[in-house]
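All values reported here derive from a predicted model rather than from experimental measurement.
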Amino acid sequence: MAASGSVQLPRVLHFQLIDGMQLQINVSGCSNKRNARVEFQLKNCTRTWILHWGFLYLGNRNWYIPSGEDSSGAKTYKQGALQTPFVKNGDIYVVTIELRDPKIHAIEFLLKDGSQDRWLLKLNHGNFRVEVPEYDASNPLPSIPKELIDRKAYLIWESRGRPQSSPEQQKQDYADALTELQNQLRKGISLNELQSSYMNARTKIKAQDDVQPSRPVTPSSYLRRHDVEKWLQRQSKGPNETKAGQSSLALMDLVEKSAGGNNVVSKQNYIVGIYEIVVLSKVLSGDYHIFVALNVRGTAILHWGVSKSSAGEWLVRCLVLHLVGNTSSSCALTLEFSTYGMLANLTSTHCLLPSLIFQAPPSDMLPEKSKMVVGACQTYFTEKTVGGRPFQKRNFVGIQFVIWSGGSWIKNNGGNFFVALQRVLPIRKVNGYSNGIVKWLLDEISQREKEAERSLMHRFNIATELTERCKAEGELGLVGILVWMRLMRCRHLTWNKNYNVKPREISEAQDRFTNLLQRIYLNQPNDREIVRLIVSFVGRGGQGDVGQRIRDEILMVQRNNDCKGGMMEEWHQKLHNNSSPDDVVICEALLNYLRAGFKLDVYWKTLHAHGLTKEKLATYDRPIVSEPCFRMDAKEGLIRDLTMYLKTLKAVHSGVELESAIDSCLAPSLNNQGFATADRVNVYGGLSLKLQDCLNFVKTHIGDERIGPLMEKLLESRIEIRPLLLTPHRLAKELLFLDLALASAVRTTMERGLKDLNFANPPEIMFFISLVLESLCLSTVKNEDLIYCTKDWYRASESHKSGDAQWALQTKAILDRLQIILSDRAVDLQIKIQPSAEYLGKLLGIGKTTIDTFSEELIRAGSAAVLSMLITRFDPVISPVEVSGFVSSVNELITVQNKVYRKPTIIIATRVTGEEEIPDGVVAVLTSDTPDVLSHICFATCFDQNTFRNLKSKEGRAVSIQLNGIGGSILPLSSLVPSISRRVTIKRKIFCGKYALSLEEFTTETVGAKSCNIKFLRGRVPSWIRIPMSVAIPFGAFETVLSLDVNKDISTKIMFLRKLVNAGDVSKIQEIKGAILQMSVPVPLTTELMSKMKSARMPWPDKGGDDQWNRAWQAIKKVWASKWNERAYISCKKAKLNHEDLCMAVLIQEVICGDYAFVIHTKNPLSGDTSEIYAEIVKGLGETLVGAYPGRAMSFIAKKNNLKSPIVTCYASKKIGLYCKPTIIFRSDSNGEDLEGYAGAGLYDSVLMDEEESMVLDYSNDPVTVNKAFQTSILSKVAEAGKIIETLYGCPQDIEGVVKDGMIYVVQARPQV
């Protein structure tokens, strides 16, 4: 601090305080020139006052104070603030602060009453704030030459990638250039320095005037990257977890060890404060066993009851388990029973509600070591043990419980914990949807709709009650509430009927409901997306005078503007008796009417746009039948007062309206205790300066035509809000509504700006896709795949090069994956929501059209819809090819796989999985799906829905289709589909008498081509190509085991079912497969197989005892059963092969847990070129490559005479990879897979002994994708291995293998058919 600087033109702030006291603040100077001065003046002051204050640096919320004392008397207060007494100067009291530190951004302060030692101006626990201007706007700037502004504008245009600019955009660039130059002058840079610094730019411009400018690399203005992995939200495994991701494996392991790991039907883990609770459920012989563990020392009590028809019930039996421990960290259980009536929640005191009538529980439910007491039972257990009789087959859906420990209740987010004993879905299927509904909830909503339609107060009170009760139903319970609230918001349900209610009562009911929803949002991470949807259909509400102001302020509007009769009085009566969201629309219509110069057509146009007609207005309990009519001289006053009144209405009814949501956080209404009311100082702590600045920018620029800066600020606001939403915060509800409003603004702003985007300028489009993608990540719970796509998208944006084919392929792969993700999300929401919509809609008599499109309309209103639009525009029709045939359109390809077409046919299929047989006569399949090329079908993918619909409209016509794009193709059918050029037969094999064979014993009479090829390759390939050790179960082993007496009944059943299938009843195939899985294993098979595997130094599956061998035996049976795969059976019949002659050997290999899996075709199957190798590669296990997993694999070609230069033709777009621990795989090896003229590969199953784990893939750091040198090295090795193996066999080969730590492993090879 220093002496006063030069006098500047002041900026003056006024605050009206208590007892008529006024505060005036004069701000002069600027921080940049180190002469800022802030003067505080108190007027009408009669007592001693102290200024309690501190400095703020930009971006820092903590106060900063200088060391030592100020000459004006400032003293340090508790090392965290300064206190300066006001000094009398005539009739006023003054404090003056002079600033010399240019980093000071603001002063925050409070006022303290020195005589009474109390804080008087601590507004809502926040601080007053005075911004210090950075520059002195009073000093005139020198005139800037037009030439300099033009040069700067050119550089701005160039930084945007030199797009085609409209005259409006050119004006905007000029204005931006002027502003930036003026800011540089204010910083002290001279005009001469600016002119000199742009000389090089001028030279560059002149040199380019006569040259067509090439497209530059991505402009820096479009390059943006956030640490999106911080936003990662995986689905929590434990329901309703208080803190996701804090589960302790130690406690779960302890429970599993005590209970045994088999027959477990559910595991649940809850973290509540310092407590961890584990619940494990098992079923043994049809009986339920429930194990509960708690990490607590001392005594704890499990207080529980059963639910008979829904998870929301607490019925007549309640069990209390005392967990008795000594010094251990977990406890054992003591049980006692008591009986009382239905309870929704437990009381917060430790009692058994003596006012109710108790009965002893049935004796058959009492655990061992129990003693009966009055109306109850007590059972004691030893430390770390679990006991009691199981819940035998009774009509209970589950149990509920809370825990008493340390003098208080441990609850699940304020409610009861729930353990399901059976699926809590009384209806499993509604109108074709199988995901189920919560029937009791929807039935009760329907029954109580008569009460709910009396007023919005009634509706929200009922909603609060039902939402509390259905917490334990999980997500489907909230879906029921969502459907009801959306039907209400869309006016399909009555808002008010013969009931008068004060706006304050409606507001308070809304407040209770939205407070509950906010708590669920915070405490139930898995349900956040559904909660967000519910909240979007409900206003914020509020306590105290929030709702009352609706009544009070309309009177002020009428009084101030002399409009007490006619339409305004009718509206006033409606507002007093039953305010609703319609009032927001009416107020907006009045404002539009006034601004348009009293034009009634504008008034009615606004109302009609929101579904309000004359007839609707007349149906209110207090009808509005008159039209507005005001005096001309009242126009300005009405506009002013109604604008303010609109904010009051929105504060109650429009939770996700952007301006209202921002105001609720930045400019809350102050109470009536005489506190400051001027200048809208932000008094809420906990909001960063960056967030405040972003929100103020959004409010100012929400209607800008140039949407880029606005979109960025919308996203930055959401990013700042995100961590506040995930922890308790006193603005939690307001922030949730604000985040929803911002997300909605992202969508609407992007939709508004679509028409102006330059889709020929990739950096611009990729920039906006980044923004919308980020917004979707922030709104989504299970967002791992979106997060990884965003990271990959950043990489593609930063590496953009015009004309770079590899960049285009990588970008295409990301777009493909995003399309799959968006499609899967839409289907998931449809399956989740539509059953409840259809069931409740039918109960409430809602129109069929409304219900049929319910989920679709909900999906269209989200950020995913606008992202899909951007992708569709950026990625038009793909797959270059020309093909001719007659068009036939189907929904699912599988429905026509058995059909024979008599003329060349092009099928247009909406759904293709990759597992179908291509019908005879089909020359191509066009689809909007994305199966793999090597999933044994020919296809082209079209993502442009308009083009796809146009193709479908050509039904029955002969067409020639030629598509252009990057990646994908329409293939001639003969290249991938089994082609029967001559009669093919299968030779039946005879059992060799051995149940297991070593590699040396493999012959064509005992095993299939897979096994024989492994034997052939071993010892012939170079040492850098590794072949895994193998053993096999030979042909005929299945038939022999089936014929044993131990499997006699199963054999008889299979024989009967087989006759039905051969007679045409293909549906019995699944029953045959199920019967095979019931077969018992003969001891000789186990003994022989163990001997062969150990001799081959392969691990014998006995580490887990009988359980591991049982899994191995089950896997063997699944391979045998795959002979009866429906697709395999149909394929045999189409090829006129005798299915009875098909024999199945089982090739057994140790799994190579590789980094990548690949399939090689040593003759390019797409072009038929024998000089090219074509291969596909995926991360993890090869099942995602050969199976019907969505997305495409990375594919490449390599010329056999230039293997060191592989060319990638498609980058991976698969969402998931499969991984497993070291285990054994059992591969199908039939005698019907590699016949000349018949490609039977892929028809039968290979099965892992241990279940694989799926992982969402992140390609942004995958070396095969992002590291060119590593990519070339690996792909070259794969191609070279293919060429070597082809040379050994002397014919084209189909090869499968694995890459692990850079090494190549070949697991099978067969002739390419």
Residues Phe1038, Val1146; criterion side chain to side chain contact (heavy atoms under 4.5 Å, CB included); working and verdict: CA-CA 10 Å; Phe1038 163 67; Val1146 181; over 6 Å; no
Val1041 and Trp1120: CA distance, side-chain angles, deciding distance, side chain to side chain contact (heavy atoms under 4.5 Å, CB included) verdict: CA-CA 11 Å; Val1041 172; Trp1120 284 341; 4.3 Å; yes
Full working for side chain to side chain contact (heavy atoms under 4.5 Å, CB included) between Val1081 and Thr1086: CA-CA 7 Å; Val1081 60; Thr1086 307; 3.6 Å; yes
Candidate pair Ser1195 and Thr1209, rule side-chain hydrogen bond (donor to acceptor under 3.5 Å, both in side chains), full reasoning: CA-CA 6 Å; Ser1195 61; Thr1209 57; 2.7 Å; yes
Verdict with supporting geometry, Ile906 and Ser888, side chain to side chain contact (heavy atoms under 4.5 Å, CB included): CA-CA 6 Å; Ile906 300 172; Ser888 177; over 6 Å; no
Lys1068 and Glu1071: CA distance, side-chain angles, deciding distance, salt bridge (Lys or Arg N to Asp or Glu O under 4.0 Å) verdict: CA-CA 5 Å; Lys1068 299 300 181 183; Glu1071 292 187 44; 3.3 Å; yes
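The shortest distance between side-chain heavy atoms of Gln1149 and Met1029 does not fall below 4.5 Å. Contact check for Lys1214 versus Pro1190: no side-chain heavy atoms found under the 4.5 Å cut-off. The shortest distance between side-chain heavy atoms of Met1255 and Ile1216 does not fall below 4.5 Å. With contacts defined as side-chain heavy-atom distances shorter than 4.5 Å, the pair Tyr1219/Lys1179 qualifies. Between Ile1033 and Ile1116 there is a side-chain heavy-atom pair separated by less than 4.5 Å.
Going from atom NZ of Lys1215 over to atom OG of Ser1254 covers 10.0 Å, rounded to the nearest 0.5 Å. Taking CG of Leu1085 as the reference point, atom CG of Leu1044 lies at 9.5 Å (rounded to 0.5 Å). Once rounded to the nearest 0.5 Å, the distance linking CG of Leu1137 with CD1 of Ile986 reads 4.5 Å. Once rounded to the nearest 0.5 Å, the distance linking CG of Leu1017 with CD1 of Ile1027 reads 5.0 Å. Here the straight-line distance linking atom CG of Asn1047 with atom CG of Leu1042 works out to 6.5 Å at 0.5 Å rounding. Distance CG/Leu1185 to OH/Tyr1156: 14.5 Å, rounded to 0.5 Å.
With Ser1043 contributing its side chain and Thr1040 its backbone, the two residues share a donor-acceptor pair below 3.5 Å. Lys1300 places no side-chain N or O within 3.5 Å of a backbone atom of Gly1154 that could act as its donor or acceptor partner. Side chain of Thr1184 to backbone of Gly1180: no donor-acceptor contact under 3.5 angstrom is found. Side chain of Lys1123 to backbone of Leu1142: a donor-acceptor contact under 3.5 angstrom is found. With hydrogens and angles ignored, the 3.5 Å screen pairs a side-chain donor or acceptor of Asp1155 with a backbone N or O of Asp1301. At least one donor-acceptor pair closer than 3.5 Å links the side chain of Lys1200 to the backbone N or O of Thr1170. Judged purely by atom type and a 3.5 angstrom limit, Ser1030 uses its side chain to pair as donor or acceptor with the backbone of Pro1028. Side chain of Glu1150 to main chain of Thr1223: no donor-acceptor pair is present (N/O by atom type, distance under 3.5 Å, no hydrogens or angles). The backbone N or O of Arg1127 lies less than 3.5 Å from no partner atom in the side chain of Asn1125, so there is not a single donor-acceptor pair. Of the possible polar contacts, none joining the Ser1011 side chain to the Val1007 backbone as a donor-acceptor pair under 3.5 Å is found.
Under 4.0 Å is where a charged nitrogen must lie from a carboxylate oxygen, and between Glu1176 and Arg1192 no such pair does. Under the 4.0 Å criterion applied to side-chain N and carboxylate O atoms, Glu1251 and Arg1111 are not assigned as salt-bridge partners. Checked for salt-bridge contact, Glu1001 and Lys1092 meet the test: a charged N lies under 4.0 Å from a carboxylate O. Salt-bridge annotation for Lys994 and Glu1088: absent, with no side-chain N of the basic residue lying under 4.0 Å from a carboxylate O of the acidic one. Salt-bridge check for Glu1172 with Lys1163: failed, with every basic side-chain N at 4.0 Å or more from each acidic carboxylate O.
Minimum interatomic distance between Gly1282 and Thr1162 (heavy atoms only, all atoms of both residues): O-CG2, 3.3 Å. Asp1229 approaches Gly1008 most closely through the heavy-atom pair OD2-N, 3.0 Å. What you find for Ile1014 and Val1307 is that their closest heavy atoms are CD1-O, 3.0 Å. The two residues Phe1035 and Ser1230 come nearest to each other via the heavy atoms CE2-C, 4.0 Å. In plain terms, the two heavy atoms of Ala1279 and Leu1203 that are nearest each other are CB-CD2, 4.0 Å. Across Leu1248 and Glu1252, no two heavy atoms sit closer than the pair CD1-OE1, 3.4 Å.
Within 6.0 Å of atom CG in Leu1077, more than 12 heavy atoms from other residues, nucleotides or ligands are found, so the atom counts as buried in its surroundings. For Asp1065, the CG atom is densely surrounded, since the number of other residues' heavy atoms within 6.0 Å is greater than 12. Around atom NZ of Lys987, no more than 12 heavy atoms belonging to other residues, nucleotides or ligands sit under 6.0 Å away. In this structure, Gln1114 places its CD atom where more than 12 heavy-atom neighbours from other residues, nucleotides or ligands lie under 6.0 Å away. Residue-environment remark: CE (Met1303) exceeds the threshold of 12 foreign heavy atoms within 6.0 Å.
For Ser1228 and Ser1122, the side-chain atoms include no donor-acceptor pair closer than 3.5 Å. Side chains of Asp1169 and Tyr1174: a donor-acceptor N/O pair is absent below 3.5 angstrom, by distance only. In this structure, a donor-acceptor pair under 3.5 Å is absent between the side chains of Gln1312 and Gln1293. Side-chain N/O atoms of Tyr1129 and Asn1062 include a donor and acceptor closer than 3.5 Å. Side chain to side chain, Glu1000 and Ser998 meet the donor-acceptor criterion of an N or O pair below 3.5 Å. Under 3.5 Å, the side chains of Thr1006 and Thr1003 contain a donor-acceptor pair of N or O atoms.
Ring geometry for Trp1113 against Trp1109 counts as parallel: the plane angle stays under 30°, on a 0 to 90° scale with 60° as the upper cut.
Under the 6.0 Å cut-off for aromatic ring centres, Phe1016 and Tyr1289 qualify, their centroids lying closer than that.
Every pair tested for side-chain hydrogen bond (donor to acceptor under 3.5 Å, both in side chains) that includes a residue from residues 1016-1025 fails, sequence neighbours excluded, so the list is empty.
Among Ile1225, Val1298, Leu1181, Val1306, the single residue meeting the side chain to side chain contact (heavy atoms under 4.5 Å, CB included) criterion with Ile1152 is Val1298.
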